[in-house]
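Each remark here refers to the structure printed beneath this line.
Values below: every heavy atom of this structure, side chains too, minus hydrogens, waters and symmetry copies.
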Amino acid sequence: MAVEIKVEGMGVMDVARAVFRARWCDEAGRPLLWSWKRGFLEWHGGSRWRGLTEGEMVLELWRVLETVGCVMDTKTGEMLEYFNPDRKKVRDVLEALRSLTQAPTGRMPMWRGAETVERGMLETWVAFEDVIVEVGETAKRYRETGKYEWVTRPNTPDFVTEVSIRCRWNPEAVCERFEKFEGEWSGGDETKVEVSNRYYGYLVMGTRKYNRFLVQYGKVRSGKGTKVNLLKRMVGGWPAFAGTLAEDMAGEFGLEGLAGAHIVVVDEVGELAGAVGRRLGSLVKSAVGQTTMQVNAKGVSMIQEVLRCGLILVGNDPVVLPNGQRGVTSKMLPVKYGESFLGREDWELDERLWEEREGVARKWVEAAVRLEAEVRSDRKFVVGSEGTELREMFEGAANVWDKFLGTYFVEDPKWAVPYGMVRELARMWQMENRLWFLNKQGRRVGDRLVVQECLERSSWGVKPGKRHGGKNVVIGLRPKPGVEMVTGEDEEAVP
């Protein structure tokens with residue numbers, strides 16, 4: 001192998017600097033490699049940033065270091081020796097490169113150009129292979145004129161981003177098969193298509209300010225995975241996209257491969273019981289709320305991480321997660337895929353949609369413009385009547401205590417009902433529905449403790465109290481019309 005990179009001496013940092021300048025700097029000296037999270041971002045093919053995992057970077061270094069020659073001073077003059085990489089040398093150079101290329105900011109995207117760009121606008125840019133579409137600036141014009149007057153600039157290494165769309169920007173591109181696909185899975189419901197495309201447009205931007213997550217829920221073979229697979233293919237793998245199963249994400253090392261990912265898709269989300277459901281519910285709230293959480297990785301000390309990701313949950317069954325104070329469902333954008341194509345699948349659909357990727361990207365970016373142009377926060381993502389019903393269904397399924405209370409009571413802070421009434425109705429409800437109240441350890445709650453558990457775990461605004469005579473009551477519940485006293489005690493609900 002011929003020597004392509006010469007280094008004075010064999011010091012690890014000297015070798016790393018020489019390799020970096022030769023392999024990962026352009027003619028102007030701009031870095032084409034950045035260390036990001038547990039991997040790297042590399043300017044690839046002169047058109048876009050792509051992610052390299054640590055393992056991929058190790059393989060690349062084996063190839064590059066084989067061409068490194070070290071100039072050594074000897075008594076007889078200078079002598080050129082091959083670096084001769086081995087496992088330790090490769091690992092040492094990797095760590096040195098990580099130090100040299102550490103991103104100066106703790107978040108992406110990053111702007112390295114001479115021009116000053118406001119952070120909020122920077123995070124609305126969408127990178128294509130040829131240009132950057134400035135969604136925020138375009139949205140300002142759309143808000144005034146109702147027309148797409150596109151603001152673009154050339155895509156260069158100065159704009160460092162986790163996600164780049166793998167096609168050129170074409171504002172005139174069409175996607176007839178994709179539009180037909182959208183009409184099929186949505187049943188022609190334009191509200192569902194719009195909220196879905198707005199969220200996909202949100203995903204390809206750098207911002208994560210809206211604190212929402214999408215739920216693609218519906219029948220088997222209804223198109224849920226088709227749209228997700230197209231998204232993955234259009235943005236590439238980590239750190240642009242990471243996928244996992246619900247139970248895997250909730251596992252001890254479930255966040256290891258998701259740290260730093262821009263888009264996270266969680267599949268097979270449904271009714272997850274016990275510790276798994278509580279863990280996943282907590283992770284969803286933390287990811288959407290961008291709070292710091294602990295990431296456990298094999299062979300690595302504990303990491304404190306903020307997951308700044310757009311989140312899609314995919315499942316055939318209703319999402320059942322802990323939902324205290326409606327912390328999950330209040331941020332949920334439920335979209336139902338209502339028709340199954342099982343037995344009549346279009347096996348070429350994925351490739352046909354990929355051929356229309358320029359048109360699909362145009363639709364998603366247009367939806368992102370409409371999202372940014374909307375002034376009212378409650379109109380950013382409109383789920384429609386079906387979405388509202390789904391959210392209410394998820395709320396009931398997510399908290400069996402809420403489902404029980406909603407059967408017999410309405411929330412009313414001016415009313416109170418006796419403990420005995422709640423206890424007897426709880427016994428009746430469990431028998432009729434064949435559902436059992438479980439405590440946080442997964443064990444069935446006894447009759448004696450059922451009211452205390454309900455007060456603690458329901459998301460309703462109820463609290464304990466005492467009425468005249470010292471009897472225990474639950475404040476905040478008013479019986480629905482037709483609900484009779486079932487305790488057999490001399491008690492009644494009182495305002």
For the side chain of [X] and the backbone of [Y], is there at least one donor-acceptor N/O pair under 3.5 Å apart?
X	Y	answer
Arg48	Ile165	no
Glu42	His44	no
Glu56	Thr53	yes
Glu411	Gly461	yes
Gln430	Phe437	yes
Glu374	Arg376	yes

Do the non-hydrogen side-chain atoms of [X] and [Y] ever get within less than 4.5 Å of each other?
X	Y	result
Lys380	Tyr210	yes
Met205	Trp364	no
Val195	Val382	no
Pro334	Tyr217	no
Asp350	Leu230	no
Glu194	Arg370	yes
Met108	Pro239	no
Asp346	Arg352	yes

What's the shortest heavy-atom distance between [X] and [Y], and which atoms?
X	Y	value
Pro157	Pro31	CB-O, 4.4 Å
Met110	Pro104	SD-CD, 3.6 Å
Thr207	Tyr202	O-CE1, 3.3 Å
Ala426	Val450	CB-CG2, 4.0 Å
Lys192	Trp185	O-CH2, 3.9 Å
Leu353	Val360	O-CG2, 4.3 Å

Exercise. Write out all pairs satisfying side chain to side chain donor-acceptor pair (under 3.5 Å) with one or both partners inside residues 122-131, taking only residues at least two apart or from two chains.
Key: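 Passing the test, one end in residues 122-131: Arg107-Glu123, Arg119-Glu123.
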Going by an N to O cut-off under 4.0 Å, is there a salt bridge joining [X] and [Y]?
X	Y	answer
Glu162	Lys37	no
Arg362	Glu356	no
Glu144	Arg141	no
Glu182	Lys227	yes

Using a 6.0 Å cut-off, check whether atom [atom1] of [X] has over 12 heavy atoms from anything other than its own residue.
X	atom1	answer
Lys209	NZ	yes
Lys463	NZ	no
Glu176	CD	no

Quiz prompt | side chain to side chain contact (heavy atoms under 4.5 Å, CB included) between Trp150 and Val365, intermediate numbers included | solution = CA-CA 10 Å; Trp150 298 104; Val365 174; 3.7 Å; yes
Exercise. Mind running side chain to side chain contact (heavy atoms under 4.5 Å, CB included) on Asn155 and Val131 for me, showing each step along the way?
Key: CA-CA 4 Å; Asn155 190 11; Val131 302; 5.5 Å; no
Quiz item: Going through the distances and angles, do Glu149 and Lys140 end up as a salt bridge (Lys or Arg N to Asp or Glu O under 4.0 Å)?
Solution: CA-CA 10 Å; Glu149 300 175 10; Lys140 288 182 179 179; over 6 Å; no
Separation of [Y] [atom2] from [X] [atom1] (nearest 0.5 Å):
X	Y	atom1	atom2	result
Ile263	Lys232	CD1	NZ	11.5 Å
Ser385	Asp189	OG	CG	7.5 Å
Glu366	Thr138	CD	OG1	10.5 Å
Leu100	Phe20	CG	CZ	7.0 Å
Cys454	Leu477	SG	CG	7.5 Å
Glu137	Met121	CD	CE	4.5 Å

Quiz item: Among Asn229, Asp267, Val335, Val314, whose side chain to side chain contact (heavy atoms under 4.5 Å, CB included) with Lys224 holds?
Solution: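 Single pass found, and it is Val314.
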Quiz prompt | From Trp43, Phe128, Phe40, residue fulfilling ring-ring contact (aromatic ring centres under 6.0 Å, His included) relative to Trp49 | solution =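 Going through the options one by one, the only one that passes is Trp43.
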Practice problem: In sequence, state the C-alpha distance, the side-chain angles, and the governing distance for Val228 and Phe241, and then conclude on side chain to side chain contact (heavy atoms under 4.5 Å, CB included). | Solution: CA-CA 10 Å; Val228 166; Phe241 183 101; 4.0 Å; yes
Quiz item: Do Thr407 and Trp429 meet the criterion of a side-chain donor-acceptor pair at a distance under 3.5 Å?
Solution: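 Side chains of Thr407 and Trp429: pair found under 3.5 Å.
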Practice problem: Anything under 30° is parallel, anything over 60° is perpendicular, the rest tilted; go ahead and classify Phe404 against Tyr408. | Solution: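 Phe404 and Tyr408: perpendicular rings.
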Quiz prompt | Verdict with reasoning, Arg177 to Glu355, per salt bridge (Lys or Arg N to Asp or Glu O under 4.0 Å) | solution = CA-CA 10 Å; Arg177 186 62 187 92; Glu355 291 171 0; over 6 Å; no
Exercise. Report yes or no: is the cationic atom of Lys363 (NZ for Lys, CZ for Arg) under 6.0 Å from the centre of the six-membered ring of Phe178, at an angle within 45° of the ring normal?
Key: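 Output no; distance or angle outside limits.
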Exercise. Assess whether side chain to side chain contact (heavy atoms under 4.5 Å, CB included) is satisfied between Leu203 and His262, documenting all intermediate values.
Key: CA-CA 8 Å; Leu203 291 177; His262 190 71; 5.8 Å; no
